[in-house]
Amino acid sequence: MVEFDAGEPLTDARCELGEGPIWWGDRLAYLDIVGKAAHIFDPASGEDRRIDLPEMPGAIVPRQGGGWMLASQRGCAQFDDAVGDFQLVAEVEASLPRTRFNDGKCDPSGRFWRARWTWEEREGIGSLYMFAPGAAPPPMLGGITVSNGICWSGDGRMMYIRQPDPRVSAFDFDPGSGALSNRRSVVRFGDGDGFPDGMTIDAADRLWVAHWGGWRVTCFDPAFGARLAQVNVPAEKVTACWFGGTALADLYVTTARVGLGAEERERQPYAGALFRVQVGATGLPAVPFAG
């Protein structure tokens, strides 16, 4: 198995819960969920601009009509980073105030998929929603405790998602209806691996999975579950990854320091930082929300 090192952080930002990196145009957007902020990183200038948000975000994706879409604490929101405008466009589970949206991405048709879960991670309370322009977001999968890392194969016919136990599941995906079927496990974590968190897929349909509690990102062959490469990260809580840069050849990695005590924060000075590393692979372009 090939190993790489993430090296030094890109910026001075130390997110409490860095998450959801996504490349669009010539910039990388990512979030600090607990810090209630979006970050826009410009690799050309090195500027990492922080925009405060009125509530906790869970995921960020580009919007075809301009700006961004956020999976927010209450539902789905439009967000314009240029002026800091935040507008809630769809509220979900208003009767369940202890739930919030977590990770999410757009499918090949530009529909925004997001997973909702409870603060207490109560077993089976959450659902997976699909939000299309002009439509109420229907729940597409129930019984979720916590879910991360939604991504699709290059042909758009398979969806991958992390479930509450230490595994990554694959579903057959209907590109027209969004229906999911034939769930099966394709990646399993073992002792010392931590838990699978955010992930992305490269142009060769290999999964790159962040290890929450595992100090690394691992590349898997989802057909056989084999480990092909590893990125060592100088932070225990590795949260997500995404390919960016002009050739989509830079793997960006987010991390967290939430829950670390004073001694652990001193031992992990880079916890919560953003990293970038080249791993000999290229990613797939982000799909914007079709609205």
Side-chain angles (χ1 to χ4, degrees), residues 4-54 56-72 77-87 103-106 198 200 202-203 208 210 217 231-235 237-258 265 268-289:
F4 304 90
D5 289 314
E8 298 283 324
L10 288 174
T11 75
D12 292 332
R14 295 293 183 269
C15 296
E16 285 299 308
L17 182 51
E19 259 287 6
I22 190 165
W23 180 267
W24 186 245
D26 56 0
R27 302 179 300 169
L28 184 90
Y30 68 102
L31 301 172
D32 183 353
I33 294 177
V34 174
K36 297 183 181 179
H39 285 255
I40 307 295
F41 174 68
D42 180 355
S45 66
E47 179 190 18
D48 185 50
R49 186 161 54 94
R50 173 192 166 107
I51 306 102
D52 291 328
L53 300 169
M56 283 190 186
I60 184 169
V61 295
R63 180 171 170 257
Q64 193 172 43
W68 308 86
M69 294 295 292
L70 291 172
S72 69
Q78 293 180 6
F79 170 61
D80 184 345
D81 66 282
V83 296
D85 181 60
F86 176 97
Q87 180 183 355
D103 207 353
K105 288 293 186 294
C106 287
T200 192
D202 66 22
W208 296 79
V217 173
V231 179
N232 301 311
V233 181
K237 297 179 177 182
V238 186
T239 56
C241 54
W242 189 268
F243 285 96
T246 54
L248 299 180
D250 298 323
L251 186 69
Y252 287 89
V253 180
T254 53
T255 62
R257 60 179 184 170
V258 64
R265 292 193 178 203
Q268 298 183 46
Y270 295 157
L274 175 69
F275 298 87
R276 178 178 60 200
V277 59
Q278 291 195 333
V279 293
T282 56
L284 297 174
V287 177
F289 178 69

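All residue numbers refer to positions in the sequence shown, counting from 1. Computed from a prediction, not measured in an experiment: that's the story for all the values here.
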Atom pair [atom1]/[atom2] of [X] and [Y] - distance to nearest 0.5 Å:
{"X": "D80", "Y": "D85", "atom1": "CG", "atom2": "CG", "answer": "6.0 Å"}
{"X": "S72", "Y": "F86", "atom1": "OG", "atom2": "CZ", "answer": "4.5 Å"}
{"X": "L251", "Y": "F243", "atom1": "CG", "atom2": "CZ", "answer": "4.5 Å"}
{"X": "C15", "Y": "L31", "atom1": "SG", "atom2": "CG", "answer": "8.5 Å"}
{"X": "W68", "Y": "W24", "atom1": "CH2", "atom2": "CH2", "answer": "8.5 Å"}
{"X": "M69", "Y": "Q78", "atom1": "CE", "atom2": "CD", "answer": "5.5 Å"}

Work out which heavy atom in [X] is nearest to a heavy atom in [Y]; give both atom names and the distance.
{"X": "A6", "Y": "P234", "result": "CB-CD, 4.2 Å"}
{"X": "R63", "Y": "P288", "result": "C-CB, 4.2 Å"}
{"X": "A29", "Y": "I60", "result": "CB-CD1, 4.0 Å"}
{"X": "L53", "Y": "A38", "result": "CD1-N, 3.9 Å"}
{"X": "T200", "Y": "C241", "result": "CB-O, 3.5 Å"}
{"X": "D103", "Y": "G198", "result": "OD2-CA, 4.0 Å"}

Please confirm whether the backbone N or O of [Y] pairs with a side-chain atom of [X], one donor and one acceptor, at under 3.5 Å?
{"X": "R265", "Y": "A271", "value": "no"}
{"X": "T255", "Y": "A273", "value": "yes"}
{"X": "T239", "Y": "G18", "value": "yes"}
{"X": "W208", "Y": "A210", "value": "no"}

Can you list everything that forms a side-chain hydrogen bond (donor to acceptor under 3.5 Å, both in side chains) with W242? Sequence neighbours excluded, please.
none
Please collect all salt bridge (charged side-chain N to carboxylate O under 4.0 Å, His left out) contacts where either partner lies in residues 18-47, sequence neighbours excluded, each pair once.
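Residue pairs with at least one partner in residues 18-47: R27-D81.
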The criterion is side-chain contact (heavy atoms from CB on, under 4.5 Å); which residues satisfy it with R276, sequence neighbours excluded?
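Testing R276 for side-chain contact (heavy atoms from CB on, under 4.5 Å), a comparison that skips the adjacent residues, returns L10, F41, P43, D250, Y252.
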Side chain to side chain, [X] and [Y], heavy atoms closer than 4.5 Å:
{"X": "F79", "Y": "I51", "result": "yes"}
{"X": "E16", "Y": "R257", "result": "yes"}
{"X": "E8", "Y": "Y270", "result": "yes"}
{"X": "V217", "Y": "V279", "result": "no"}

Charged N-O contact under 4.0 Å between R50 and D52
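Salt bridge present between R50 and D52.
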